[in-house]
Amino acid sequence: MLNHLHTKYSRTMRGSGRGWLLLGFTVAAFIGFLSSAPVARAQDSTIRAIQNIFDPLSAPAETIYYVSVLVMVVCAGIFVVVGGLLVYAIIRYRRRGPEDDHEEPPQVYGSAAIELAWTVPPILIVVMLVLVTARTIGEIEHHKMPDAAEEIRVIGHRYWWEVRYPKHDVVTANEIHVPLSTRTNRVPTEMILESADVIHGFWVPQLNGKTMLVPNYRNTMWIEPYATGIYLGNCTVLCGQQHANMLIRVVVDTPEVYQKWLESQKQASVSDPQVAEGQQQFISNSCGTCHHIEDARGATGVFGPDLTHFSSRATLGSGVATNDDQHLRSWLMNPQDLKPGCLMPNMQLSSKQVDSILAYLRTLK
Ligand code: CUA
């Protein structure tokens, strides 16, 4: 989409000169508006990987987008006026012959009209942009959440995301499921953002602006997505060696699919006698000191991601690899291979131990 816009934009620039700049931005705004038409599908696995503020698919991101278009159009107008005057001056007062080398142009000193022209309009423009921006920030920050709003706590860790659903007693990690909001059934999701260690930043550009996760402080933000799919985002504050692999997946489900997902996450883990050996290995190798697994005795850690429904997640290591057996085996052998600098140490497991723990983890759906 961004590339698409860029091409459109540069074609407009090359073909028709600066005067078309304004039109170019209007076209960009219109394309953005069209592409934000509501889409709802039952089980949507569309990956919305384009990290593009010009293609908002959620209420606050859309408001931010409109303000940014306004700012760009105003700035484009200023560019045209200033650039136009500059080009006019260069052409109109260019050197016309050798006689120009001996003649000085009239020396004008102090003109009230010109002084006012280049101070008053710029001040008014800046004041207008400040007011519009301040009003938008206020509207987004003081948006009243309806009672039906979903509430999620997202806690940033080096280098993964803990996700809690206090209303439903559900805990997961890295993959955040939220309900779709439609015109007839508005379900915004309020996010309470906290940090367990250093400052992290939560940003899924198609859903909302950036918000920081600050230790010992609660930040809030909200999203109201109106298209299903899987939205990708990143941690935006340098938080350590694996900052770049602190990836976010927000899965927007229809309310029915979302309810089903919540139900499945509330299920206790099944204890399968076939993987008792794996569970035993999991506990005796101290995995449970960092990881919590509901109903598994000895797995009560809070330092690493909750693994109760680990195999229901599509990725591992906060999005660093797909959650398939090959990657999981590599992760268990030595997490530092896939994610160097992550806080899970190499547990020096034997290949046999890895096999049995892998089989156990696969039962945690
Ligand atoms: Cu967390 Cu960067």
Side-chain angles (χ1 to χ4, degrees), residues 2 47-53 56 58 60-61 64 140-141 151-166 170-178 189-223 225 230-252 289-292 301-307 309-310 313-323 327-328 330-331 334-346:
L2 192 62
I47 300 278
R48 302 192 186 280
I50 309 154
Q51 312 228 328
N52 183 0
I53 68 155
S58 166
I64 295 168
I140 292 175
E141 294 220 323
E151 191 185 293
I152 297 178
R153 267 178 78 201
V154 179
I155 301 144
H157 293 255
R158 288 190 299 171
Y159 304 97
W160 61 282
W161 308 89
E162 177 182 344
V163 187
R164 291 180 172 268
Y165 294 72
V170 162
V171 183
T172 183
N174 305 322
E175 296 177 15
I176 306 170
H177 285 249
V178 297
T189 298
E190 182 168 33
M191 290 191 170
I192 297 158
L193 302 173
E194 292 159 287
S195 169
D197 36 48
V198 297
I199 298 176
H200 301 276
F202 188 97
W203 196 23
V204 184
Q206 286 183 291
L207 298 179
N208 200 335
K210 244 180 246 185
T211 311
M212 290 216 191
L213 297 87
V214 183
N216 299 318
Y217 189 78
R218 276 187 154 207
N219 259 334
T220 55
M221 63 107 135
W222 59 281
I223 56 173
I230 301 167
Y231 294 75
L232 304 188
N234 292 77
C235 178
T236 56
V237 179
L238 182 63
C239 52
Q241 198 178 343
Q242 279 297 331
H243 153 71
N245 280 326
M246 203 171 151
L247 307 170
I248 308 166
R249 284 167 84 85
V250 176
V251 184
V252 178
T289 325
C290 287
H291 295 284
H292 176 254
V302 291
F303 196 64
D306 189 296
L307 299 179
H309 298 281
F310 168 73
R313 307 204 276 260
T315 61
L316 57 85
S318 199
V320 85
T322 47
N323 189 1
H327 286 119
L328 181 54
S330 157
W331 184 271
N334 183 12
Q336 303 297 321
D337 279 347
L338 278 171
K339 204 166 175 174
C342 79
L343 301 195
M344 178 166 162
N346 182 348

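In what follows, residues are counted from 1 in the order of the sequence shown. No experiment lies behind these values; they were computed from the predicted model shown. Read the numbers this way: they start at 1 and go in the same order the structure lists the ligands and their atoms. What you see below is based on every heavy atom in this structure, not just the backbone, and it leaves out hydrogens, waters and symmetry mates.
Under the side-chain contact (heavy atoms from CB on, under 4.5 Å) criterion, T220 pairs with E190, I192, not counting sequence neighbours.
Expressed to the nearest 0.5 Å, how far CH2 of W160 lies from CG of N174 amounts to 7.5 Å. The NE2 atom of H327 sits 11.5 Å away from atom OG1 of T315, with the distance rounded to the nearest 0.5 Å. Separating the CE atom in M344 from the CD atom in Q336 is a distance of 9.0 Å, to the nearest 0.5 Å. A distance of 8.5 Å separates CD1 of I155 from CZ of R218, quoted to the nearest 0.5 Å.
With contacts defined as side-chain heavy-atom distances shorter than 4.5 Å, the pair R313/L307 qualifies.
Shown here are the protein N/O/S atoms lying under 2.8 Å from atom 1 (Cu) of ligand 1, water excluded: H200 ND1, C235 SG, C239 SG, M246 SD.
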